[in-house]
**Q** 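I'd like to ask some things about the structure below.
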Amino acid sequence: MDPMDLIRDKFSQDCTIETVLHLLMAHFHLAEEEARAKINEYFELVDMIDEERKKAEREGK
């Protein structure tokens with residue numbers, strides 16, 4: 001399991017950002033800054049996917 005898998009799994013289980021942060025730090029031995037960067041990267045990816053879906057819906061109508 002890589003950090004993105006853990007992040008996705010835990011957020012799908014409605015875990016808080018703080019919980020996911022602590023799990024990343026413990027499981028992957030990341031510093032807090034590194035763990036926060038991984039979470040931010042995850043949210044950026046989710047935002048890009050959402051934008052692509054919205055764009056596809058607009059073009060499909």
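Treat the numbers as computed from the prediction; the structure is a model and nothing was measured.
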**Q** Can you sort out the partners of Ser12 under side chain to side chain donor-acceptor pair (under 3.5 Å), two or more places apart, ordered by chain and number?
**A**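 For Ser12, no residue satisfies side chain to side chain donor-acceptor pair (under 3.5 Å) once neighbours in sequence are set aside.
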
**Q** State, with a plain yes or no, whether a side-chain heavy atom of Met48 is found less than 4.5 Å away from one of Glu51.
**A** no

**Q** Using atom types as modelled, flag every donor-acceptor pair under 3.5 Å from a side chain in residues 22-39 to any protein atom, sequence neighbours excluded.
**A**
{"residue": "Glu32", "atom": "OE2", "partner": "Arg36", "partner atom": "NE", "Å": "3.0"}
{"residue": "Glu32", "atom": "OE2", "partner": "Arg36", "partner atom": "NH2", "Å": "2.9"}
{"residue": "Glu34", "atom": "OE1", "partner": "Ala31", "partner atom": "N", "Å": "2.7"}

**Q** Among residues at least two apart in sequence or on other chains, which ones pass side-chain contact (heavy atoms from CB on, under 4.5 Å) with Met1?
**A** Asp5, Leu6, Asp9

**Q** I'd like to check the side-chain contact (heavy atoms from CB on, under 4.5 Å) partners of Asp50; sequence neighbours left out, ordered by chain and number.
**A** Val46, Arg53

**Q** Rounded to the nearest 0.5 Å, how far apart are CG of Asn40 and CD1 of Ile7?
**A**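 If we round to the nearest 0.5 Å, Asn40:CG and Ile7:CD1 are 9.5 Å apart.
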
**Q** Mind checking what makes ring pair (Phe, Tyr, Trp, His ring centres under 6.0 Å) contact with Tyr42, not counting sequence neighbours?
**A**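 Ring pair (Phe, Tyr, Trp, His ring centres under 6.0 Å) list for Tyr42, sorted by chain: Phe11.
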
